[in-house]
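In the text below, chain A, chain B and the rest are named by the order of the sequence lines, each starting its count at 1.
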Amino acid sequence: MSFLQEMEKYKDLDLPEFFSKIKDQDVLSALRKEKLNCYDYLTLLSPAAESHLEAMAQRARRMTIQNFGKVMQLFTPMYIANYCDNLCVYCGFNHDNVLERKQLTMAEVEAEAQKISETGLKHILILTGESQKYSSIEYILAAVQILKKFFTSISVEIYSLTEEEYVRAVQSGVDGMTMFQEVYDSSIYKELHLAGPKSIYEFRLDAPERACRAGMRNVNIGALLGLNDWRKEAFFTGVHADYLQHAYKDVEVAVSTPRMRPCAAGFSPRVIVNDVNLVQYITAYRIFMPRSGITLSSRESRMMRDHLVKLGVTKISGGVTTAVGGHTKGEDSSQFDISDTRSIEDMAQMLYSEGYQPVYKDWQGLY
Amino acid sequence: MEDLFTIGNTQLQSRLLIGTGKFSSNKDMPGAIEAAAAKIVTVALRRADSAYEAENILNYIPKTCILMPNTSGARTAEEAVRIAHMARAMGCGDWIKIEVISDNRYLLPDNQETIKATEILANEGFIVLPYMSPDLMSAKRLVDAGAAAVMPLGAPIGSNRGLQTIELLRILIDEIDLPIIVDAGIGRPSEAAAAMEMGAAGVLVNTAIATATDPATMAHAFNLAVQAGRSAYLAGLGRVMPSGAAASSPLTGFLRDGEVL
């Protein structure tokens, strides 16, 4: 089974027409439902639902506290390489961009891990550019062996693997994977991913499912907001999460809602996704998927993040650098500019002041 | 006479067990546990971190309580057993609440894997309290596997929906010779009282207390409700009249027809 088949069910769905028929009453009715179906979710993503944002936010907050408690998982990303074979026109790591390419040695991985672990964090997300030549699975898993000394939960945000490779990753101690489809619209995908392995839409689309089959505990998906109509991308991200959660019940399926940030590629977003849109997306998704995690990165501003923690988010980053070796060395050659530069300690203080317990450790790796 | 019940070899008075997830701060926990007069406190081992003292949840459990680590996050019996071993190695004692959940949407327990883990850990000397879906045959197998109590759900974890499984809970209370502790789903003190009135040995509450605006006051309310429900059970509930009055013409009057008075 592939999510492509699930997407087929919606091939005749005409979004503008669907949205044009949504009335206030439809939004209220979706909001009153105990369990929402995909069309109810789409109703909450409609332009008409924008005028019910406060009611959506109230319900999203209530449901998040009920299901997750007044707690917020903290994490930080660690970039270990930035070589990339792809030509994604919007990305700072894009093969044709002139920037210093680096890959951490194992000693440097250990130094970064040591530095990050001093914050108390026990969860780490490692990232590479997408180069199987420079950042081979062997290289990544060797880094994982070092990270296991410092962290109890290790996630990867790397190129799409085969199912067998995901199995190897799980057996090596990786318990989570993040894979952004970037854009679910396949024709836009092809326009933006000009070359490299990532240009194969289907292989990327099915990567989260291969990870689920391989026994990954946490699978985090998302669309990069700014490449296409956000309502359509939010809808398919939600449908994808629902599809994975239904098929792989033991996996914790989560979504991220990344908005495009300035980067070395100099690409301007095709679509502006404003703050109201982002709040509508996050609250609609929470109401549709009450038990699913929502991850919020440091792409968002301090002001937005302080408010979004109350509206459905369950996992938030701190102390972020998107440069290779950035935790121990200075900032250069980053993938994109972050907006909220607060440290883990600053984030913990903010969370406490908002009535949330920062969680540094929420899994004990069984290795 | 004191109204005690026994789990393993421990005699207990407090029938309100407390969960520790979902509090807005670890610092809120001691006050809530005290207000609940709870003796058994469960903590997800996944959250415990002895390397970070200030944020280590274990440091916020009063020393007078029995610490009962739980295997939250385990998807199989094997994972539950490994987590229990880690708990023991961390010095958390021999009590263990088994949670084996491979359904992330409703967090329903996997009874089969729970029975397997119970048997392994009971044989290793753990005092095992398994969380389960209320099913009589599974409960019997948990007894045979060496469980110290059986903890059926009233409704899915965190749902605050009350005793949705009431008919099945009643059967377990009647038929299982171990303490039945209703775990999960209890959203308000009146529901805890209802479980106790039915004859449950105790209840385990987390979400309803931890996410209350004032957790300590809510914990106190649960304490009173559990005591009230238990007293009502011991006192013997009065007869509940069916709807409509009793028949004015007795249906068995004919049996006395012709009696010589």
By a 4.5 Å heavy-atom criterion (distance strictly below it), what part of [X] contacts chain B: side chain, backbone, both, or neither?
{"X": "A/Y356", "result": "backbone"}
{"X": "A/D242", "result": "both"}
{"X": "A/Y352", "result": "side chain"}
{"X": "A/K361", "result": "both"}
{"X": "A/M72", "result": "neither"}

Is it the backbone or the side chain of [X] that comes under 4.5 Å from a heavy atom of chain A, or both, or neither?
{"X": "B/T207", "value": "side chain"}
{"X": "B/A212", "value": "backbone"}
{"X": "B/I57", "value": "neither"}
{"X": "B/D28", "value": "neither"}

**Heavy-atom pair count under 4.5 Å with chain A, highest-scoring of B/S72, B/A48, B/A44, B/A208** =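 Greatest number of close heavy-atom pairs with chain A: B/A48.
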**Prompt:** Looking at B/N206, B/D110, B/L107, which one has more heavy-atom pairs under 4.5 Å with chain A than the rest?
**Reply:**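 If we count pairs closer than 4.5 Å to chain A, B/L107 comes out on top.
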Can you confirm whether more than 12 heavy atoms, excluding those of [X], are under 6.0 Å from its [atom1] atom?
{"X": "A/R302", "atom1": "CZ", "value": "no"}
{"X": "A/E354", "atom1": "CD", "value": "yes"}
{"X": "A/E118", "atom1": "CD", "value": "yes"}
{"X": "B/E34", "atom1": "CD", "value": "no"}
{"X": "B/H220", "atom1": "NE2", "value": "no"}

**Prompt:** Of all the residues in residues 89-103 of chain B, which have a heavy atom that comes within less than 4.5 Å of a heavy atom in chain A?
**Reply:**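 So the qualifying residues are B/S102, B/D103.
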**Message:** How close do B/S24 and A/G355 get, counting heavy atoms only, and between which atoms?
**Reply:**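 Heavy atoms only, the tightest pair is CB-O, 2.9 Å.
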**Request:** Identify the heavy atoms of B/R47 and A/D362 that sit nearest to each other, and give their distance.
**Result:**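 Heavy atoms only, the tightest pair is NE-OD1, 2.8 Å.
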**Request:** Write out, in numerical order, the residues from residues 307-318 of chain A with a heavy atom short of 4.5 Å from a heavy atom in chain B.
**Result:**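 Against chain B, none of the residues of residues 307-318 of chain A fall inside the cut-off of heavy atoms under 4.5 Å.
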**Prompt:** What parts of residues 207-222 of chain A touch chain B if we use heavy atoms and a cut-off under 4.5 Å?
**Reply:**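 Hits under 4.5 Å: A/G215, A/M216, A/R217.
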**Request:** Apply the test salt bridge (charged side-chain N to carboxylate O under 4.0 Å, His left out) to residues B/R161 and A/E34: give CA-CA distance (whole Å), side-chain angles for both, the deciding distance (0.1 Å), then the verdict.
**Result:** CA-CA 12 Å; B/R161 296 172 73 91; A/E34 180 79 25; 2.9 Å; yes
Value rounded to 0.5 Å, distance of [atom1] in [X] from [atom2] in [Y]:
{"X": "A/T152", "Y": "B/D49", "atom1": "OG1", "atom2": "CG", "value": "7.0 Å"}
{"X": "A/T119", "Y": "B/Y52", "atom1": "OG1", "atom2": "OH", "value": "7.5 Å"}
{"X": "A/Q357", "Y": "B/K27", "atom1": "CD", "atom2": "NZ", "value": "9.0 Å"}
{"X": "B/I157", "Y": "A/R291", "atom1": "CD1", "atom2": "CZ", "value": "8.0 Å"}

**pair A/Q364-B/I83: side-chain heavy atoms closer than 4.5 Å** =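 A side-chain contact under 4.5 Å is absent here.
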**A/H246 and B/R105, any side-chain heavy atoms less than 4.5 Å apart** =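 Yes, at least one pair of side-chain atoms sits under 4.5 Å.
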**Message:** Please check this pair: side chain of B/K22 against backbone of A/Q66, looking for a donor-acceptor N/O pair closer than 3.5 Å.
**Reply:**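 Answer holds: yes.
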**Prompt:** So, B/N104 versus A/Q245: side-chain donor-acceptor pair below 3.5 Å or not?
**Reply:**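 Per modelled atom types, B/N104 and A/Q245 side chains form a pair under 3.5 Å.
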**Request:** Sorted by first residue and then second, give each ring pair (Phe, Tyr, Trp, His ring centres under 6.0 Å) pair with at least one member in residues 99-128 of chain B; sequence neighbours left out.
**Result:**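 For residues 99-128 of chain B: none.
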